[in-house]
Every structure is written in structure tokens, then in C-alpha cells.
**Student:** 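Before I ask anything, let me first share the structure, which is written out below as C-alpha cells.
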Amino acid sequence: MNLFDKFTTFIADKEPLLAIKPEIFGTPIEKMYSPTEASIGGRRILLAGTNNYLGLTFAPECLAAAHQAIDEEGTGTTGSRMANGNYTGHRELEREFAEFYGCKHAVVFSTGYQANLGTISGLAGAADVLLIDAHCHASIYDGCRLSGAEIIRFRHNDTTDLEKRLRRLGDRTGSTLVIVEGIYSMLGDQAPLSAMVEVKKSYGAYMLIDEAHSLGVLGKTGQGLVEAAGVTNNVDFITGTFSKSLGSIGGYCVSNHRELDIMRYLSRPYIFTASPSPSNIASARAALRLLKDGEHLRKRLWENANRLYSCMQEQGYRLGPQVGPVISAQLETTEQALALWTALIERGIYVNLIFPPAAPHDKPLVRCSLSAAHTPEQIEYLCSTFTDLASLARPLSQ
Ligand code: PMP
């Protein structure tokens with residue numbers, strides 16, 4: 001056995017996919033024109049596979065705040081929050097997140113990935129249990145692994161299976177953290193949160209929800225599923241990212257448990273990495289203000305999502321069970337998914353192509369994520385193109 005054997009196998013398996021132009025993975029973007037348009041392969045392309053849900057990446061308020069922070073504080077902090085990277089902006093943003101959720105404590109991390117890694121591995125240890133939804137994101141799985149705790153998966157969005165597994169844990173439920181997501185990143189469906197909160201409460205367990213895809217998207221003020229379900233104060237820890245609705249980079253966790261603050265001294269992904277740059281923090285702060293008052297943006301986003309979802313459903317695409325800004329079409333085979341993705345890019349549309357194991361049910365996905373910044377004309381173009389290409393997504397037996 002050689003160190004590089006696994007690469008040989010990987011390359012043999014993926015070579016045909018890696019040779020396709022423009023590249024499917026890490027598609028080179030030559031120029032950004034707006035939140036919804038870019039130059040790819042020398043052509044103007046409509047972006048329908050970003051996480052820019054509120055379209056704030058070019059908001060004048062966010063640009064101005066980022067420019068000012070660069071001018072006044074420089075390009076980077078060059079240190080971790082525990083050392084020289086704890087600026088006023090980082091602390092103010094924590095205060096603003098705590099206020100936004102009506103929680104006592106908030107911690108800002110360098111990415112959303114690290115928010116999950118740092119919170120989960122900071123909270124749980126070898127004697128604890130992590131009960132996680134089977135569709136949870138890689139950052140949650142990695143946080144669980146780093147913690148050394150026992151990891152048990154329950155069936156996706158299945159409250160009965162969650163209850164069964166809690167019951168089996170007997171007197172260990174008090175050291176159990178249940179982990180779910182607001183909107184799941186692959187199929188765009190939402191956790192049945194109220195029912196799950198009732199179950200975890202009845203067993204004396206704790207709960208963490210990752211609102212990465214639901215911050216700014218759900219709830220009157222955009223808190224996420226916790227607000228839409230009316231359970232903000234009944235979930236123990238809420239994590240999320242700045243890299244989607246806030247159009248920046250960074251992550252957060254909020255809680256009423258004081259232990260979240262103490263975790264700063266224990267959580268390796270918080271301690272051993274540089275803090276977000278001043279401009280990332282400044283634009284995230286400006287975006288959080290726009291997000292709170294962004295009911296008009298949420299309205300536009302949901303109009304867009306409803307329109308594309310119903311159009312694709314009518315055309316026979318196999319979609320996730322719930323409408324939302326993440327709209328995924330499930331295909332039978334790699335070839336079928338590739339044919340649809342390629343036909344879309346030829347018609348000037350970029351979406352995400354996702355293969356198992358990242359895609360659930362062992363089936364590839366062509367995933368759209370929509371934005372409040374998509375115009376009605378852009379949405380109509382998406383609808384007419386998916387209509388034209390519907391035959392490419394038919395089950396092979398038909
Ligand atoms: N959680 C979920 C559910 C995600 O989908 C992602 C990013 N795709 C993250 C966390 C990580 O966020 P970030 O990009 O800020 O690292």
C-alpha cells in the first residue's frame with residue numbers, strides 16, 4: 001500500500017467528470033456583475049446556485065461598511081479571538097446577535113463550519129451522546145467526531161425515531177445533545193421543530209439547531225426556523241453562518257446557557273484560528289441590520305421559490321418534499337445529472353451539481369438556490385429552461 005493509492009482510485013473514478021469544461025466543481029468565475037450574474041467561460045451566466053438568499057453581497061450599506069473597516073482597521077486581524085484578534089467589531093456583533101435572538105450569550109467564529117465544529121466539540125465530551133439527524137451537514141458530523149462523544153443518527157425528520165432513540169438512552173438523556181437544521185441544505189426541507197422540541201424537553205435532553213440556510217429566510221425578523229416555529233427560547237443552542245443570507249464569511253452561536261461563554265476557553269476551533277477580518281465583520285453587521293428589517297426581501301425570495309418549485313413540480317422533476325429557496329431535482333444516474341447540468345450551463349444558467357455521499361438517498365442532485373435579488377424575468381427564464389429540459393430528468397424507465 002502506498003500513500004497515494006487512494007488518489008489513483010479517485011482519479012480513475014472521477015477523471016471523466018474532472019475533464020468537463022467549464023469545471024463542475026470549483027467552476028471558475030471570471031467576474032461578478034451582480035448577486036445574480038457572473039462571467040463563466042467567457043459568457044454572461046445567470047447564477048441560480050449561490051447561497052445569496054437576500055442578495056446582499058452588493059448592498060451599498062454592506063460595501064460602505066467593509067470599505068471603512070479596511071481603511072480604519074486593515075485587511076486582517078492576524079490573530080485569534082483569544083489573542084490579538086478580538087476587536088470592538090467582533091464583540092459588538094456578538095452583542096447584536098444576542099439581542100437579535102433575545103439570548104444572553106453569543107460567540108462569533110471564523111466560519112459557519114467552525115461554529116458547528118467549535119460549539120459541538122466544545123460542548124460534548126467522551127461521556128456524552130450526540131443524537132443527530134441523518135441529513136445533517138458535514139460540519140456537524142465533523143464537530144461530533146472531534147468531540148469524542150458517542151454519535152447516534154436518527155432518521156431524517158422522523159420525530160418518532162428521535163423519541164425511540166432517546167427512550168433507549170435511559171438515564172443518559174441528560175447528557176445528550178440533539179442536533180437538527182432549520183432548512184436542510186440538500187433537499188431544502190425543514191425540521192418538524194415544534195414536535196422535536198417537545199420530545200427533547202420531555203427527556204431532559206438539550207438541542208442545537210443550525211440555521212445556516214434559514215437565517216434571513218424564515219421568521220418575521222429572519223431569525224430562522226426557531227422564529228417561524230415560535231420556539232426560539234426552547235432551543236438550547238442556535239448556530240449559523242455569515243456566508244449565506246449575510247453575504248460575508250464567519251459564523252455564530254447564541255444561547256442562554258452561560259456555558260457557551262465559558263466554551264471560549266475550551267473550544268479548539270475557536271481558540272486555534274484567526275478571527276474574521278474587520279471587513280467581514282463590518283459587512284456582516286450591516287447585513288444583519290438589513291436582514292432584520294428585510295420582510296420585503298423575504299417576500300420576494302418566497303415568491304421566487306414558490307414560482308420555480310411549482311413550475312418544476314408540474315414538469316415532473318422529482319423535488320424535495322417542501323418548497324423553499326433550496327430547490328433540488330433528484331436524478332437517477334450520474335450521466336443524467338451531468339446531462340441536465342451541462343444543458344443548463346449551455347443555456348446560460350449555473351446551478352450546483354451534487355453527488356452521493358453528499359447527496360442523500362444515493363442519488364445525484366441538480367440543486368438551485370434562489371435569491372431575493374432574482375428578478376421576475378430571471379425566474380421566468382429559469383422556469384422556461386427547466387420546462388424545455390424536463391425530458392432529461394424523466395426516470396429512465398419512462
Ligand atoms: N451548516 C450548513 C447546514 C451548511 O450548509 C454550511 C455551508 N454549506 C455550513 C454550516 C458552513 O458554513 P460556512 O460556509 O460559513 O463555513
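Note that ligands are numbered from 1 as they come in the structure, with each ligand's atoms numbered from 1 the same way.
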**Student:** Does the cation-pi check pass for Arg44 over Tyr33, that is, NZ or CZ under 6.0 Å from the six-membered ring centre and within 45° of its axis?
**Tutor:**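 Ring-cation test returns yes.
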
**Student:** So which heavy atom in the protein is nearest atom 14 (O) of ligand 1, and how far is it from that ligand atom?
**Tutor:**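 Atom 14 (O) of ligand 1 sits closest to the protein heavy atom Ser243 OG, 3.0 Å.
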
**Student:** Is there a donor-acceptor pair closer than 3.5 Å between any side-chain N or O of Asn280 and the backbone N or O of Pro276?
**Tutor:**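 Flag not set: sc Asn280 to bb Pro276 has no pair under 3.5 Å.
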
**Student:** Just let me know how Asn116 lines up against ligand 1, side chain, backbone, both or neither, with a heavy-atom cut-off below 4.0 Å.
**Tutor:** side chain

**Student:** Please determine if Gly112 has a nitrogen or oxygen closer than 3.5 Å to a nitrogen or oxygen of ligand 1.
**Tutor:** yes

**Student:** Using a strict 4.0 Å cut-off to heavy atoms of Glu181, name the atoms of ligand 1 that fall inside it.
**Tutor:**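 Per the distance check, 3 (C).
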
**Student:** Looking only at protein heavy atoms, which one is nearest to atom 9 (C) of ligand 1, and what is the separation?
**Tutor:**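 The protein heavy atom lying closest is His137 CE1, 3.6 Å.
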
**Student:** Distance alone, cut at 3.5 Å: any donor-acceptor contact between the side chains of Glu163 and Thr160?
**Tutor:**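 There is no such pair (donor and acceptor under 3.5 Å, judged by atom type) between the side chains of Glu163 and Thr160.
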
**Student:** Between Asp236 and His257, do the side chains contain an N or O donor and an N or O acceptor separated by less than 3.5 Å?
**Tutor:**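 A donor-acceptor contact under 3.5 Å links the two side chains.
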
**Student:** Atom 15 (O) of ligand 1: which protein heavy atom is closest, and how many Å away?
**Tutor:** Thr241 OG1, 2.5 Å

**Student:** Pull out every atom of ligand 1 sitting under 4.0 Å from any heavy atom of His213, numbered as shown with elements.
**Tutor:** 3 (C), 4 (C), 5 (O)

**Student:** Ring-plane angle category for Phe355 and Phe25, please: parallel below 30°, perpendicular beyond 60°, tilted otherwise.
**Tutor:** perpendicular

**Student:** If only atom types and distance count, is the side chain of Tyr309 paired as donor or acceptor with the main-chain N or O of Gly320 below 3.5 Å?
**Tutor:** yes

**Student:** Start with the C-alpha distance between Phe100 and Val254, add both sets of side-chain angles, then the distance that settles side-chain contact (heavy atoms from CB on, under 4.5 Å), and finish with yes or no.
**Tutor:** CA-CA 10 Å; Phe100 177 50; Val254 298; over 6 Å; no

**Student:** With heavy-atom distances below 4.0 Å as the criterion, list the atoms of ligand 1 near Ser139.
**Tutor:**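 That gives atoms 1 (N), 10 (C) of ligand 1.
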
**Student:** Step by step, work out the side-chain contact (heavy atoms from CB on, under 4.5 Å) result for Ser185 and Arg367.
**Tutor:** CA-CA 9 Å; Ser185 56; Arg367 179 182 69 174; 4.0 Å; yes

**Student:** In terms of atom number and element, which parts of ligand 1 are under 4.0 angstrom from non-hydrogen atoms of Ser185?
**Tutor:**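 Those qualifying, in numeric order: 5 (O).
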
**Student:** Check whether any N or O atom of Tyr113, backbone or side chain, sits under 3.5 Å from an N or O atom of ligand 1, and answer yes or no.
**Tutor:**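 Yes.
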
**Student:** Please work out which of Val326, Ile183, Asp210, Thr111 has its closest non-hydrogen atom nearest to atom 1 (N) of ligand 1.
**Tutor:**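 Minimum heavy-atom distance to atom 1 (N) of ligand 1 goes to Asp210.
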
**Student:** Quick one: look up the protein heavy atom nearest atom 7 (C) of ligand 1 and list residue, atom name and how far away it is.
**Tutor:** Lys244 NZ, 2.9 Å

